[in-house]
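See structure below.
Note that ligands are numbered from 1 as they come in the structure, with each ligand's atoms numbered from 1 the same way.
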Amino acid sequence: MNKFDIIIIGGGLSGSSTALNLSKKGYSVLILEKEVSKKINPCAGGMASSMKKFLPLNIDEAIESRIRYVEFRWKASDNVIADLSEESPFWIVRREKLDQLLLEESTKYGAEILMPATVERITKQNSEWIIEISNKHKFKSRYIVIADGSESKWSSYLNLGPKKPKFANTLSLRINGLGDISYNSVRFEFGFIKYGFAWAFPLKGSLNIGLGTFINNTLLQNEELNNTVIKSFGFEDLFFKKIRKKLRIWNGFHKIHGEGVVVVGDAASLCDPFLAEGIRPSLISSFYAAESIDKCLSSNTNDLSSYSKNINNEWGKSMAWGRRIAEIFYRFPRTGYQLGVKRKTAPKRIAQILSGEMTYEDIAKRVIKRLLMRKERES
Ligand SMILES: Cc1cc2nc3c(=O)[nH]c(=O)nc-3n(C[C@H](O)[C@H](O)[C@H](O)COP(=O)(O)OP(=O)(O)OC[C@H]3O[C@@H](n4cnc5c(N)ncnc54)[C@H](O)[C@@H]3O)c2cc1C
């Protein structure tokens, strides 16, 4: 049975970046990925450029547009445009390319990748993990990283993360052409989707369109409404392949480490419950997961608790506010749009959030106070 320092379950963004962080430190790493290759990843690819500090490689090849303007609309009108300044703090990456770059770079540092390899059984003997894949092959390691995404089976099996994960429902498509979106702009469209919103993020010559709802998904089944939204981005031909995906969203502070195991990315329920941002927490969790495992392996200890602590501090605190904002904003979206987006100072704040300069925690108290005062005046 082949033995590794670390086995990573899932070769998506968080699995591949954890693999690169660890293989760069000289550890033997095996990635087990159930898909052979990714066709189109539904991820729209929007990410803060400030995440460079958590990226273990240069990703220029995967960046397809550098965003200067963020446009917000309410039912295809009432526009607000935020200028992100000339430094383009927001990028659109092609996710298939980004994951591929990370995987390739990991192999340069010695990581091994097995695909297709669906993990079917995880057991522990003494202090070693035994991982069995679908063809009954077994592998051993001292540490495992659970990176099997939003449909994660293994996080709950190991009692890590929320007992009852909360999901957003998404529908996405990639369309050739940019419709009426400019190459250096992204658009957020509110008002059409109940308890959610739609987005259009440009790649080179194509557009990632998405619809997301944070409370229920009945509206995403409504083809007429979906088509209205797609048309609002400037498209007439509506026969596109649509991908539906559930996205695990942040749902409270939880332990995401155990003895010899950490959970990263979507599997750890880290997606932003307001805007569904998941690239940033995937990269942050991969970074801290690798740091904690490295500490244990290099000092021959086994306390991974610094990982949960770091994630709860660095990400969770802001998400707790993001969840509160989402609850109020999506319940009273018209008021939320008027007070949260149409205010004079809003474009600057939005730019600061998207670029990672400001957290929800920084702005939440102000926003919530404003919304509550307005509701009181109205009732
Ligand atoms: C429509 C949509 C749009 C989005 N847009 C954005 C955006 O613009 N910006 C942003 O920041 N975030 C966005 N996100 C969120 C972002 O895509 C996710 O947060 C990110 O992909 C999480 O990466 P991950 O590696 O944790 O999970 P994934 O990328 O889902 O990877 C998990 C991997 O595990 C593999 N796997 C699963 N089970 C097993 C098993 N048993 N054995 C082996 N392998 C297994 C899967 O095949 C998969 O490759 C979007 C999400 C959706 C659905």
| Is D180 paired with R187 through a side-chain N to carboxylate O contact shorter than 4.0 Å? | yes

| request: Report the part of S282 in contact with ligand 1, treating N, CA, C, O as backbone and CB onward as side chain, heavy atoms under 4.0 Å; options are side chain, backbone, both, neither. | output: side chain

| request: Keeping the roles fixed (side chain from N226, backbone from L220), state whether a donor-acceptor pair exists under 3.5 Å. | output: yes

| message | Checking I146 against S152 for the side-chain contact (heavy atoms from CB on, under 4.5 Å) test, could you report, in this order, the C-alpha distance in whole Å, the side-chain angles of both residues, the deciding distance, and whether it holds? | response | CA-CA 8 Å; I146 308 294; S152 178; 4.0 Å; yes

| query | Which one of A168, G46, A268, G11 has a non-hydrogen atom at the shortest distance from atom 9 (N) of ligand 1? | reply | G46

| message | ring pair (Phe, Tyr, Trp, His ring centres under 6.0 Å) for Y143 and F4? Distances and angles first, verdict last. | response | CA-CA 8 Å; Y143 288 88; F4 296 84; over 10 Å; no

| message | Out of K34, K246, M115, who is nearest to atom 36 (N) of ligand 1 when you count heavy atoms only? | response | K34

| request: Using a 4.0 Å heavy-atom cut-off, say whether E151 meets ligand 1 through its side chain, its backbone, both or neither. | output: neither

| query | Got an N/O contact under 3.5 Å between I279 and ligand 1? | reply | yes

| message | E33 versus ligand 1: do any nitrogen or oxygen atoms come within less than 3.5 Å of each other? | response | yes

| I9, any N or O under 3.5 Å of ligand 1 N or O | no

| Would you say ligand 1 has an N or O under 3.5 Å from any N or O of S14? | yes

| task | Could you state whether V186 and Y69 fall into the same hydrophobic cluster, counting links through intermediate Ile, Leu, Val, Met, Phe, Trp or Tyr residues with side-chain heavy atoms under 4.5 angstrom apart? | result | no

| task | Identify which of L211, N41, L247, L102 has a heavy atom lying nearest to atom 52 (C) of ligand 1. | result | L247

| said: Between ligand 1 and T118, is the shortest N or O to N or O distance under 3.5 Å? | reply: no

| note | Contacts of N312 meeting side chain to side chain donor-acceptor pair (under 3.5 Å) (sequence neighbours excluded), chain-then-number -> none

| Between the candidates G45, A147, G10, which shows the shortest non-hydrogen contact distance to atom 32 (C) of ligand 1? | A147

| query | Counting heavy atoms only, which part of S152 comes closer than 4.0 Å to ligand 1: side chain, backbone, both or neither? | reply | neither

| Short N or O distance, L13 and ligand 1, threshold 3.5 Å exclusive | yes

| field | Short N or O distance, D266 and ligand 1, threshold 3.5 Å exclusive | value | yes

| query | At under 4.0 Å between heavy atoms, which part of T170 makes contact with ligand 1: side chain, backbone, both or neither? | reply | side chain

| For V119 and ligand 1, does the shortest N/O to N/O distance drop below 3.5 Å? | yes

| query | Which is closest to atom 27 (O) of ligand 1 in terms of heavy atoms, G12, A44, G149? | reply | G149

| request: Classify the contact between P281 and ligand 1 as side chain, backbone, both or neither, using a heavy-atom distance cut-off of under 4.0 Å. | output: neither

| task | Give the cluster check for F197 versus L247: same hydrophobic cluster or not, with ILVMFWY residues linked at side-chain heavy-atom distances below 4.5 Å. | result | no

| Checking S292 side chain against A289 main chain: does a donor-acceptor pair fall under 3.5 Å? | no

| query | Under the salt bridge (Lys or Arg N to Asp or Glu O under 4.0 Å) test, which residues partner K242, sequence neighbours left out? | reply | E223

